[in-house]
Amino acid sequence: MKNHQILFSRRDFLKHFGKGLTGAALTAALAQIPSWVMAQTIDDPPLRTRAARKGILFGAEAMQSELIADHEFATHFINECGILVPGNELKWHMLRPTSSGFNFQPADWLASFAQNANLQLRGHTLIWGDSLPAWFMNTVKDNNAASYLKDHIAAVAGRYAGQVHSWDVVNEPIMPWDGRSDGLRNSVWLKTLGPNYIDMAFEAAAAADPEALLVLNQNFLEYDAPKWTGFRTKTLQLLERLKSSNVPIHALGIQAHLRSDYGEFNQESFRNFLHEVANMGLMIMITELDVYDANLPLETGLRDSLVAGQYEEFLSVALNEPAVNTVITWGLSDKYTWYTDNGARADNSPVRPLPLDDGFNRKLAWKAMADVFDNKPPVKIKAPRDFHFKD
Ligand code: G3I
């Protein structure tokens, strides 16, 4: 693949990023775009274009700290992506570092970055049992938890109303290992408000931003070894309950942190699971796709093939289901991935879980995704699941 750096003309800007803008609005938008944003890498059509041709929205997670400091990364991000997901900036611990107020600055910066670059914006996440600020546990109790939940959603979803493609209203509510018959995670929200906290959150989000798609985002839905099956059955049970109670939920988010050490990827059972969700009238979004590679061999070519094979196999099945309309990777480049801190390799070699390498070159994983989007015959790579390596 060849990379050609070119400077975008005003006409190119209109074609790629300024759709729908005219007159003063266009002049204002152009003035806000720093010159480096206009320098794009033009190559084979980017993932967003290939996905869009098939009616799929493609994008990735990124953080303000990465986009603000690394112009080359930002350029590649805008080139490849149609939607931006703030990695942490919309979580409680960043929005509410103290009990006395909100800090919207990082999230506001990302919202205007997205708007200026004509990226859609995803909201992650309104209600989650993790990433709560230190003051939260001492302050939020049974008698005030409902107010905190509703006020937070009104303030945050209300602030960005009309700008957000979709909100992860509740993140990771299912945790069958907590032992409850409904499979709900025994989070602080469940402990203080009971199972109804989920209904309450969706109602509040619908009131605050009637235009956003409202999503329940869940992890551990990708594999069907006995350890994982409860995540699927309890998620389906919860979705059925919410739908039958007319709770305003529009989509299931499947995180898709793929790992070959989680067992065989069973195409048929995953296809059936997607069907069951779709049959409830819900859309499905792949929200946090990446491939753990700390258990894969050191050799880069082989490792990249195995990673790409997992992208290819998973996405081929997922995109066969018409209800799946969005694919988002959790990061775009290996330079910025949560696995650097949370899934490092024993050999200390940098991890390679994403479509672009740490120099922003397109990897086999990018090619695998492009091919699935193009609906070409699958890349002839099969990722062995029982692979064990000695590095
Ligand atoms: O910013 C501080 C930094 O100043 C400090 O030196 C460092 C020390 O640990 O911590 C930094 O904050 C970390 C933050 O990421 C920014 O990198 C937090 O400790 C860390 O907890 C936080 O982790 C995030 C994690 O969610 C928890 O919120 C990851 O970046 C983020 O990628 C990860 O994303 C989650 C999704 O929200 C939900 N699904 C799973 C996914 C991966 O775990």
Side-chain angles (χ1 to χ4, degrees), residues 59-70 73 77 81 83-98 103 105-107 109-110 121-137 152 156-157 164-175 177 185 187-189 198 201 214-223 228 231 235 251-259 261-262 284-294 310 314 326-344 350-356 358:
E61 172 271 348
M63 291 198 268
Q64 181 201 24
S65 55
E66 301 156 0
L67 292 167
I68 210 168
D70 189 338
F73 173 62
F77 194 95
C81 294
I83 185 166
L84 163 68
V85 189
N88 289 315
E89 292 80 352
L90 287 166
K91 292 173 182 171
W92 277 68
H93 73 295
M94 283 202 67
L95 284 173
R96 311 184 68 162
T98 65
N103 174 18
Q105 191 280 329
W109 188 93
L110 285 170
L121 178 69
R122 228 172 106 56
H124 176 82
T125 172
L126 291 169
I127 298 296
W128 187 19
D130 285 349
S131 293
L132 295 164
W135 57 266
F136 186 95
M137 291 301 184
H152 181 84
V156 178
V164 172
H165 167 272
S166 48
W167 267 110
D168 287 337
V169 178
V170 180
N171 193 44
E172 302 173 6
I174 298 294
M175 177 41 79
W177 306 339
R185 179 179 172 188
S187 68
V188 62
W189 297 111
I198 298 172
L214 304 183
V215 184
L216 186 147
N217 195 44
Q218 184 59 47
N219 53 355
F220 301 134
L221 295 173
E222 300 76 24
Y223 300 95
W228 308 113
F231 286 91
T235 296
L252 171 67
I254 295 178
Q255 291 191 1
H257 294 291
L258 304 182
R259 292 181 62 135
D261 58 354
Y262 280 2
I284 300 169
M285 303 172 66
I286 307 302
T287 52
E288 303 186 13
L289 180 60
D290 56 14
V291 176
Y292 177 80
D293 76 331
Q310 292 180 62
F314 178 82
T326 306
V327 174
I328 289 163
T329 49
W330 202 244
L332 180 68
S333 153
D334 296 335
K335 188 171 180 183
Y336 303 113
T337 162
W338 70 294
Y339 278 135
T340 299
D341 292 330
N342 299 282
V351 294
R352 301 177 64 85
L354 289 166
L356 305 186
D358 60 6

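When a ligand or atom number is given, it counts from 1 through the structure's own listing order.
Between Trp189 and Phe136, the ring-plane angle classifies as perpendicular under the 30° and 60° cut-offs. Ring geometry, His257 versus Tyr339: the interplanar angle exceeds 60°, so the pair is classed perpendicular (tilted spans 30 to 60°). Between Trp92 and Trp135, the angle of the ring planes lies from 30° to 60°, which puts this pair in the tilted group.
With Tyr223 contributing its side chain and Arg259 its backbone, the two residues share a donor-acceptor pair below 3.5 Å.
For the side chain to side chain donor-acceptor pair (under 3.5 Å) test, no residue two or more places apart in sequence or in another chain qualifies with His165.
Residue Thr287 forms a side-chain hydrogen bond (donor to acceptor under 3.5 Å, both in side chains) with just one option from Asn171, Thr125, Asn217, and that option is Asn217.
Ligand 1 is surrounded by Met63, Asn88, Lys91, His124, Trp128, Ser131, Asn171, Glu172, Gln255, His257, Glu288, Trp330, Trp338, each with at least one heavy atom closer than 4.0 Å.
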